[in-house]
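Data first, discussion second: the structure below is written as structure tokens.
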Amino acid sequence: MSDAAWRMPASPYRGSWRLAGRFWPTVREDPADAEAISHKLSVRAGLVRQLAAGLYTVTPMGLRVIQRVEAIIREEMNRIGAQELLMPVMHPAEIWEATGRYGLSEQFRLEDRGGRPMVLGMTHEEIVTWHAARELRSYRDLPQSWYQIQTKLRDEPRPKSGMLRVREFTMKDSYSFDADADGLEKSYAAHSEAYARIFDRAGLLWYRVESDVGMMGGSGAHEYMAPSPSGEDVVARTASGSYAANVELATSVACEPAFGEPFGAPEEFATPGIGTIEELTAFTGQHPATLAKSVVLVADSGPVLAIVRGEHQVHEKKIAHIIGEHRAAHPEEIREWFGADPGSLGPVGVSAEVRIVADSTLEQGHYVTGANRDGFHLRGVVLGRDFAAETADIRTVLEGEESRDGSGPIELVPVIEIGNIFKLGTKYSEPLGATYLDENGQEQQIIMGSYGIGPARVAMAAIEQGHDDNGIIWPTGIAPFDVHVVLIGDPDSAQGEYAGALWAELSDLGLEVLLDDRPGLRPGEKFVEADLLGCPVRVTVGKRTLPDGPLEVMVRRTGEKSEIALEGAAHAIRALWDGLAAG
RNA sequence: CGGGACGUGGCGCAGCCUGGUAGCGCACCUGCUUUGGGAGCAGGGGGUCCCCGGUUCGAAUCCGGGCGUCCCGACCA
């Protein structure tokens with residue numbers, strides 16, 4: 001075989017491709033095990049291939065999209081003065097021991113040849129702080145913002161939805177180091193602005209929402225969420241977006257049911273065979289919001305009775321904030337503590353060993369609760385009078401409930417988390433000894449923030465938000481190419497030569513152009529694959545084009561076709577693309 | 001970690017219930033025709049039927065164990 005047979009055609013244009021000879025494995029049918037749209041289309045459009053659960057190879061075509069996302073991220077991170085660096089994926093375990101994060105269930109652990117325990121990085125707070133502790137000594141060294149785009153490894157219990165939830169992925173993670181809380185606010189705000197520009201430029205519909213600080217710890221956090229039916233998280237927001245929060249901490253104004261006349265004391269009544277709230281609603285004819293739901297949990301400290309109104313659910317995360325790690329109680333345990341089975345449980349007359357946590361909504365009104373006697377309930381039960389309980393927000397938000405800021409009813413939206421920002425404070429700088437000397441020579445702790453974006457999730461979210469029956473519809477900002485030139489005919493033909501010249505001219509005008517010059521393919525196949533790939537503008541060059549034109553140009557998003565004269569065609573296409581990019 | 005489904009040429013699937021020559025479509029190779037929306041005809045190559053064990057004269061098929069992948073839940077910076 002001669003060299004020429006396997007060499008790629010020479011291209012003077014780094015960003016533009018001639019397709020002939022390239023590795024671009026498209027697929028006609030949806031992969032059998034794919035559920036999410038982005039999973040199906042990313043495989044079909046030849047962007048990724050799966051190696052194992054949660055492990056994906058990105059193809060040359062897919063890598064173009066990822067790299068465009070990364071390019072936007074780099075520009076915007078650099079714009080706010082963040083500096084790119086690169087830290088190792090493999091870390092000595094002892095650094096993670098210092099912060100108490102060694103041994104987390106998602107952590108990949110291994111040993112080096114000397115038997116030293118090592119971990120693969122799930123994130124880099126420990127490592128970056130370790131460096132900061134050694135290098136940043138004076139207030140004159142602050143503030144700093146460092147970032148990297150690098151591999152993270154997490155042994156996810158359940159990888160899913162293609163590239164949306166994987167065990168190995170690249171993340172842009174940045175870390176800010178400030179002298180004080182004001183400095184952190186500035187770094188946080190700078191990242192917030194950079195993130196807004198990044199996600200706008202990536203062409204996503206996105207929300208910035210309040211989030212739980214979770215295992216990262218710290219004093220405040222926001223998540224960036226792209227709405228999508230394939231999303232794993234849920235955001236509670238109002239139509240205007242003036243209120244938006246992860247449901248894990250969202251609050252709302254619960255409805256105000258008619259409680260009716262209060263009772264002087266709880267009254268027991270028979271409820272034979274009644275267990276669930278639905279049954280109790282039907283039996284009593286009362287609104288579920290006037291019934292109290294009792295859930296028994298077991299925390300480290302012992303049994304916990306969590307109470308919410310009938311229309312609500314106890315939210316796992318919210319109750320966990322109060323009682324810590326916990327599990328559901330076994331039926332035998334419930335029998336022992338309450339003397340009744342689930343379905344007839346309530347807070348009245350419960351032994352002191354049971355901690356009672358009631359949702360704040362219970363502070364108003366009187367309720368029907370279980371009587372802790374099988375087949376009986378109490379009506380007229382009042383919190384504070386008939387039983388004592390801690391109160392807190394432990395319930396889920398319901399769609400349709402009013403927002404606390406008065407901006408209207410709450411809607412619940414499934415979303416993909418594409419980024420997050422955390423105010424870490426001293427959570428990492430303290431255990432790792434990251435301190436500096438202030439103007440007075442006093443040792444102070446460095447105040448940190450951490451900020452993440454998943455470029456592949458950005459790409460997948462774009463697919464989720466932009467597709468039709470024929471394939472992907474990329475936003476102009478992150479499409480693999482700006483213009484897709486479909487050559488119909490032989491590369492050596494007159495139209496082949498014209499297509500090559502147009503390709504070069506468009507590239508000279510600053511566009512990244514894909515020229516489908518693959519020989520032997522039928523026109524239909526090229527069109528179908530062009531639709532699948534979804535570049536914003538498609539130009540067709542065929543027999544009809546020469547010698548007098550016109551060129552057929554199609555906008556992928558609208559399907560709108562137009563004809564362009566050969567004279568000045570490249571400039572006209574560039575102008576068309578500029579119009580799409582602008583709006 | 002609980003529940004469920006699936007595992008058969010590269011991809012998508014049938015066959016399994018009722019054991020007896022491994023099949024279909026697409027893709028791939030060769031030839032001819034075709035060439036503006038996934039072509040037609042003819043010929044051809046390619047499979048440890050996920051793995052291990054058991055039952056049987058004989059196992060893709062029945063039984064047991066394991067592994068893998070996906071979905072639901074739990075979990076999740």
Side-chain angles (χ1 to χ4, degrees), chain A residues 25-36 39-40 43-44 46 49-55 99 101 104-107 121-126 152-162 164-167 169 171-175 211-218 221-224 230-233 246 248 316-317 320 325-328 416-424 427-428 449-454 457 469-471 486-490 493 495 516 518-532 538-546 551-552 554 559 561:
Chain A
T26 59
V27 181
R28 288 188 184 220
E29 296 175 88
D30 286 337
D33 54 11
E35 205 70 24
H39 187 190
K40 293 177 181 172
V43 171
R44 288 225 289 137
R49 282 297 181 264
Q50 183 176 19
L51 172 67
L55 298 175
T99 59
R101 294 210 299 177
L104 292 178
S105 62
E106 291 177 20
Q107 192 167 49
M122 316 166 63
T123 176
H124 282 75
E125 278 79 13
E126 275 78 358
K152 302 284 183 270
L153 294 125
R154 300 178 185 181
D155 198 359
E156 290 285 346
R158 184 149 99 83
K160 59 176 291 197
S161 303
L164 283 179
R165 180 169 209 71
V166 290
R167 295 192 291 176
F169 59 100
M171 178 189 257
K172 187 291 295 180
D173 46 321
S174 45
Y175 306 90
S211 82
D212 195 356
V213 293
M215 68 181 268
M216 300 296 311
H222 289 84
E223 289 165 323
Y224 291 80
S230 296
E232 300 183 80
D233 288 292
N246 194 312
E248 292 171 5
E316 281 298 312
K317 287 269 170 71
E325 292 275 307
H326 63 276
R327 61 171 171 84
I416 297 166
E417 182 183 350
I418 48 176
N420 52 38
I421 55 180
F422 290 92
K423 293 176 189 171
L424 295 176
K427 181 176 162 71
Y428 296 91
S450 92
Y451 317 86
I453 294 179
R457 279 202 178 172
D469 290 344
N470 296 327
V486 173
L487 165 63
I488 296 175
D490 200 292
S493 66
Q495 53 270 34
D516 188 352
R518 294 174 296 177
L521 286 188
R522 302 175 61 80
E525 297 178 79
K526 292 192 175 187
F527 289 135
V528 166
E529 293 196 339
D531 287 347
L532 229 200
R538 188 190 78 192
V539 179
T540 306
V541 177
K543 272 184 188 156
R544 296 179 193 168
T545 310
L546 297 177
L551 275 171
E552 183 199 279
M554 189 184 86
K561 290 179 182 171

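As a basis for the values below, the full set of heavy atoms in this structure was taken, side chains included, without hydrogen atoms, waters or symmetry mates. Below, chains carry the letters A, B, ... as their sequence lines are ordered, and counting in each starts from 1.
Atom-to-atom, CD of A/Gln495 to P of B/U35 comes out at 13 Å; the value is rounded to the nearest Å. A/Arg522 places its CZ atom 9 Å from the P atom of B/G37, with the value rounded to the nearest Å. A/Lys561 places its NZ atom 8 Å from the C1' atom of B/G37, with the value rounded to the nearest Å. Here the C1' atom of nucleotide B/C28 and the CD atom of A/Glu525 are 13 Å apart, to the nearest Å.
Between B/C70, B/C11, B/G36, one nucleotide has an atom nearer to the side chain of A/Ala53 than all others, and that is B/C70. Taking every side-chain heavy atom of A/Thr545 into account, B/G36 is the closest of B/A74, B/C76, B/G36. In this structure, of B/C72, B/U35, B/U69, it is B/U35 that holds the atom nearest to the side chain of A/Pro523. Each of B/G37, B/G36, B/G38 was ranked by its minimum atom distance to the side chain of A/Asp531; first place goes to B/G37. Listed candidates were B/C75, B/G38, B/C71. Nearest to the side chain of A/Ser161 is B/C71. The listed nucleotides are B/G25, B/G36, B/A74; the one nearest the side chain of A/Pro157 is B/A74.
Comparing the C1' positions of B/U21 and B/G58 gives an interatomic distance of 13 Å, to the nearest angstrom.
A/Gly452 comes within 4.0 angstrom of no nucleic acid atom, judged by non-hydrogen atoms across all strands.
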